[in-house]
**Student:** 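Take this structure, written in structure tokens, and hold onto it; I'll ask about it next.
Reminder, nothing fancy here: chain letters follow the sequence lines and each chain counts from 1. Quantities reported herein were computed from a predicted structural model and do not represent experimental measurements.
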Amino acid sequence: MTLDTVKNAEQTPDAAQPWAELGLKQDEYARIRDILGRRPTGAELAMYSVMWSEHCSYKSSKVHLKQFGEKAPESDAMLVGIGENAGVVDVGQGYAVTFKVESHNHPSYIEPYQGAATGIGGIVRDILAMGARPVAVMDPLRFGAADHPDTRRVLPGIVAGIGGYGNCLGLPNIGGEVVFDPCYQGNPLVNALCVGVMKHEDIHLAKASGAGNKVILYGARTGGDGIGGVSVLASETFDDSKPTKRPAVQVGDPFQEKLLIECTLEVFREQLVLGIQDLGGAGLSCATSELASAGSGGMRIELDTVPLRDATLSPEEILMSESQERMCAIVEPDKVERFLAICEKWDVIATVIGEVTDGERLEIFWHGEQVVDVPPRTVAHDGPVYQRPYARPSWQDALQADAPTAERLARPATGEELKQTLLKVAGSPNQASKSWITDQYDRFVIGNTVLATPEDSGMIRIDEETNLGVSVATDGNGRYTKLDPYTGAQLALAEAYRNVAAGGAKPLAVSDCLNFGSPEDPDVMWQFAEATRGLADACQALGTPVTGGNVSLYNQTGEVAIHPTPVVAVLGVIDDVNRRTPIGFADEGHHLYLLGD
Amino acid sequence: MTTRVGVVTFPGSLDDRDAQRAIRLAGAEPVALWHRDKDLHQVDAVVLPGGFSYGDYLRAGAISRFSPVMESLIEQAKLGMPVLGICNGFQVLTESHLLPGAMLRNNHLHFICRDQKLRVENAATAWTSDYQAGQEISIPLKNMDGRYTADRRTIDELESEGRVVFRYLASEEGGLCNPNGSINDIAGITNAAGNVVGLMPHPEHAVEPLVGTGKTDGLPFFTSVLKQLVNV
Amino acid sequence: MARVVVDVMLKPEILDPQGQAVQRALPRLGFTGIADVRQGKRFELELEGPVDDAALAKIREAAETFLANTVIEDFTVRVEDGQ
Amino acid sequence: MARVVVDVMLKPEILDPQGQAVQRALPRLGFTGIADVRQGKRFELELEGPVDDAALAKIREAAETFLANTVIEDFTVRVEDGQ
Ligand SMILES: Nc1ncnc2c1ncn2[C@@H]1O[C@H](COP(=O)(O)OP(=O)(O)O)[C@@H](O)[C@H]1O
């Protein structure tokens with residue numbers, strides 16, 4: 001195959017291109033041609049297609065997510081808001097905390113262990129890229145019916161993957177959720193949250209500026225992992241009839257990630273980094289275009305210098321590869337040597353792959369020939385924005401009216417009936433002890449865990465001298481949200497808020513993972529619109545801004561969507577973790593009070 | 001002069017900073033040792049911490065065992081320097097044959113994390129003199145490959161010489177006594193001289209009432225070695 | 001009794017962190033000249049009956065559906081010689 | 001390039017819970033007639049040079065000291081045919 005250079009693209013304007021296979025719509029492809037004034041090269045097409053996918057561009061959700069900013073309550077605590085890898089919150093004493101919850105639903109259904117493991121790996125790198133040391137993880141999970149054979153395939157693998165990766169990284173698992181409901185049968189939800197801590201002055205942003213500064217790619221070698229995964233996996237309904245669309249699965253290497261964490265924290269400590277970005281879903285396409293568009297100049301990359309695991313990869317594939325455990329840093333020339341030495345110390349491969357230019361374009365070369373010449377913003381931020389049609393579902397009224405009547409759901413009248421009800425509740429998978437799962441997670445590592453399972457919220461000490469701590473809880477109820485998306489989302493927030501408060505911390509900020517069905521279905525889109533409106537209003541009312549989050553759409557099997565499932569995480573601060581309040585009775589003779597009505 | 005206790009960091013060590021904290025709380029000076037550095041920096045004792053050194057790839061502890069720092073450590077351990085291997089550190093000690101036997105995958109094939117009750121069987125080692133023989137303690141356990149095994153002769157030797165230092169016990173709430181299928185419920189052992197001790201559970205996670213399980217049953221490990229060093 | 005061996009290896013394009021860790025360690029231990037290491041699983045199955053075509057077909061099916069995860073792994077089935 | 005395979009299996013007297021878990025699951029999945037299952041590791045080593053006696057001796061040493069823990073494991077080294 002000949003190389004599709006920029007020159008070649010200019011000379012062969014009518015060459016057929018696989019834009020549809022890459023998940024682009026016809027008008028999107030036309031827009032790319034418009035932007036470039038010519039047809040895109042293969043490499044450019046690869047970049048636009050992954051970056052304009054639903055997963056990366058939020059094209060269906062953007063118009064609704066805007067409310068989180070517009071309705072954001074006045075908060076002094078917010079240091080970095082929505083838009084960066086993760087939001088950053090001031091927790092006092094010079095400390096800042098960053099946290100975010102993300103989904104890895106589809107990959108976890110295909111390959112439960114690796115899908116869940118790389119979900120943890122991805123969110124941890126997001127937190128690390130802000131300049132923070134990751135200090136804890138949580139895992140809100142949803143499965144199909146507990147007794148369904150496929151749950152038996154999916155659940156143990158997902159739990160082992162979360163544990164296998166998180167335990168090996170040395171991050172305590174301080175909480176999560178496990179909910180069983182048949183609606184998640186063909187589409188389990190694997191959401192993962194990470195919390196990181198830093199000093200205010202350590203905040204780093206994904207930004208490339210200063211002509212002549214070097215672009216360094218470090219971490220794992222690039223392989224053929226998950227190529228096309230972003231556009232195909234996250235944007236299309238998972239469909240058994242098209243096995244060819246199944247991309248190669250990403251395999252995680254938690255040991256490599258642990259080295260990446262320590263190495264990155266050390267280069268931060270020595271102030272060797274001007275800008276940094278983790279390589280997530282869209283790999284190098286995302287890292288280079290986002291770094292370049294947030295900076296002041298352009299960027300030039302020599303793609304053939306990228307260390308490969310598979311020497312046969314084409315430029316397109318290298319740009320789209322989702323190989324895990326990689327980061328991209330912008331470093332001043334005179335600091336490169338020290339940067340590389342620290343990487344060597346940690347056995348981390350690091351390569352200068354390009355530099356910041358004083359131009360305005362992202363230019364990528366392959367053995368001297370130019371294969372990409374684009375305005376980086378158009379790739380990273382100017383993706384399509386859809387006003388998807390939405391309408392209250394025709395069945396919504398009937399669903400709400402379908403309230404349990406005294407005949408259909410009689411209240412227990414006798415002691416015996418009450419006992420039976422209690423036993424039924426206690427024996428249901430959703431109420432049963434989660435220790436089979438939580439016992440597989442290390443909750444003690446790092447030695448700062450103040451509260452973890454079975455507490456209402458997870459709490460960690462972040463300063464050993466002053467006992468400053470933070471606490472996080474996640475909640476979400478798909479059944480409530482289906483009944484009434486606006487109120488359901490608010491209830492999720494209220495519950496997480498209460499769980500944080502109950503542990504003794506003051507709620508400060510919110511992150512959320514919005515798991516919904518197909519945005520092309522107006523019913524689902526209405527659920528989404530209502531849920532975001534509800535959450536934004538509730539955040540405003542409670543004074544806790546949304547600092548970031550994630551949207552996962554196309555969670556459905558065939559035509560049937562999952563229950564709308566916004567998972568809401570609340571972060572709180574506690575000045576002295578000695579004042580935490582654990583659940584359970586501490587001592588004989590204590591009184592029991594019921595608050596609220 | 002303060003007592004210096006080294007903590008080795010291998011690539012993938014996780015509980016190294018925790019071990020340093022425990023040493024500090026016990027009143028000694030923690031000294032960070034690096035796997036590539038042969039120099040033990042005049043430490044008086046060494047802790048090999050928990051974690052997943054080299055990802056536990058191949059076998060837990062198998063790759064770390066060949067680190068430069070281990071060459072010096074093996075030499076010094078044979079000369080009597082107190083060495084404590086916790087979890088992954090224990091695995092490194094068996095892989096380097098400073099302690100007999102080997103660690104296998106837990107018999108239930110899962111990672112297990114829980115508060116684990118133990119009986120101190122031998123309070124005469126460098127790391128257990130602040131306990132009473134027969135004392136019951138509770139410290140966190142968290143591992144994937146914690147099943148201790150050795151051939152019959154080795155086990156008989158360990159038992160007859162009193163070199164089984166810790167044994168797993170059932171907790172008050174009941175539950176399985178033996179968390180992983182370890183032979184004779186063995187949780188930790190020592191060498192013949194009593195200076196090298198390895199165990200799977202984590203004393204360094206039980207040194208402060210505020211965090212972890214809220215117990216401090218692990219602190220005597222570190223005060224024991226301190227006393228022993230001050231006395232010599 | 002007859003023995004059948006099922007070897008399960010990660011597909012060539014899939015990252016093999018374990019094999020890589022071994023490969024990186026070998027030169028440090030003085031073993032040079034090894035260009036690549038892959039680590040996989042070996043299952044030894046002892047059959048109660050004879051290793052005939054039907055038995056092998058069954059084992060192949062077990063390998064395909066259970067012993068290997070064909071999303072990321074390849075497998076081979078063979079009868080152990082000299083047993 | 002030449003390939004050498006090192007198979008590492010737990011010694012027969014050592015309990016192999018992985019093999020047992022597989023063995024217990026097989027009948028549930030409809031695979032009967034399997035009396036015993038043991039699970040071990042398979043390493044595929046690609047050599048840069050030829051597989052001569054010296055190279056094999058080196059690999060045997062690597063297997064003995066590193067790839068296998070001979071306290072609990074046995075190993076075999078063989079040259080892969082047909083490569
Ligand atoms: N997937 C999980 N990972 C980690 N912890 C979990 C997970 N699921 C539940 N937990 C923890 O187990 C405890 C009990 O959970 P749950 O029964 O859902 O409690 P609640 O109903 O009070 O939220 C909580 O501390 C929760 O954080």
**Student:** If you round to the nearest 0.5 Å, how far is CZ of A:R443 from SG of B:C113?
**Tutor:** 4.5 Å
**Student:** So does B:K215 have more than 12 non-hydrogen atoms from other groups sitting under 6.0 Å from NZ?
**Tutor:** yes
**Student:** Step by step, would you call A:V450 with B:V211 a side-chain contact (heavy atoms from CB on, under 4.5 Å)?
**Tutor:** CA-CA 5 Å; A:V450 178; B:V211 292; 4.1 Å; yes
**Student:** Please find the pair of heavy atoms, one from B:R36 and one from A:E344, that lie closest to each other, and give the distance.
**Tutor:** NH2-O, 2.7 Å
**Student:** Assess the pair B:F52 and A:F255: is the distance between their ring centroids shorter than 6.0 Å?
**Tutor:** no
**Student:** For the atom pair CZ (B:R21) and CD (A:E464), what is the distance rounded to the nearest 0.5 Å?
**Tutor:** 4.0 Å
**Student:** Does any heavy atom of chain B fall under 4.5 Å from the side chain of A:I261, the backbone, both, or neither of them?
**Tutor:** neither
**Student:** Please report the interatomic distance CD(A:E262) to OG(B:S13), rounded to the nearest 0.5 Å.
**Tutor:** 9.5 Å
**Student:** If every non-hydrogen atom of B:D15 is compared with every non-hydrogen atom of A:V445, which pair is closest and at what distance?
**Tutor:** OD1-CG2, 3.2 Å
**Student:** Counting heavy-atom pairs closer than 4.5 Å to chain B, which one of A:G163, A:C168, A:P254, A:G170 comes out on top?
**Tutor:** A:C168
**Student:** Between A:N448, A:L451, A:I460, A:L259, which residue shows the highest count of heavy-atom pairs closer than 4.5 Å to chain B?
**Tutor:** A:N448
**Student:** Mark yes when over 12 heavy atoms from residues, nucleotides or ligands other than A:K199 sit less than 6.0 Å from its NZ; otherwise mark no.
**Tutor:** yes
**Student:** How close do B:L14 and A:N167 get, counting heavy atoms only, and between which atoms?
**Tutor:** CD1-O, 3.1 Å
**Student:** In Å, rounded to the nearest 0.5 Å, how long is the span from CG of B:L210 to CZ of A:R461?
**Tutor:** 6.0 Å
**Student:** Under 4.5 Å from any heavy atom of chain A, what part of B:E208 do you find: side chain, backbone, both or neither?
**Tutor:** side chain
**Student:** Should we say atom CZ of A:R152 is surrounded by more than 12 heavy atoms from elsewhere, each under 6.0 Å from it?
**Tutor:** no
**Student:** For residues B:Y57 and A:D253, is any side-chain donor paired with an opposing acceptor at under 3.5 Å?
**Tutor:** yes
**Student:** To the nearest 0.5 Å, what is the distance between CG on A:D442 and NE2 on B:H205?
**Tutor:** 6.0 Å
**Student:** Could B:K142 and A:D439 be called an ion pair, given the rule that one side-chain N must be under 4.0 Å from one carboxylate O?
**Tutor:** no
**Student:** First locate atom CG of B:D115, then atom CZ of A:F444, and finally report the distance between them rounded to the nearest 0.5 Å.
**Tutor:** 6.0 Å
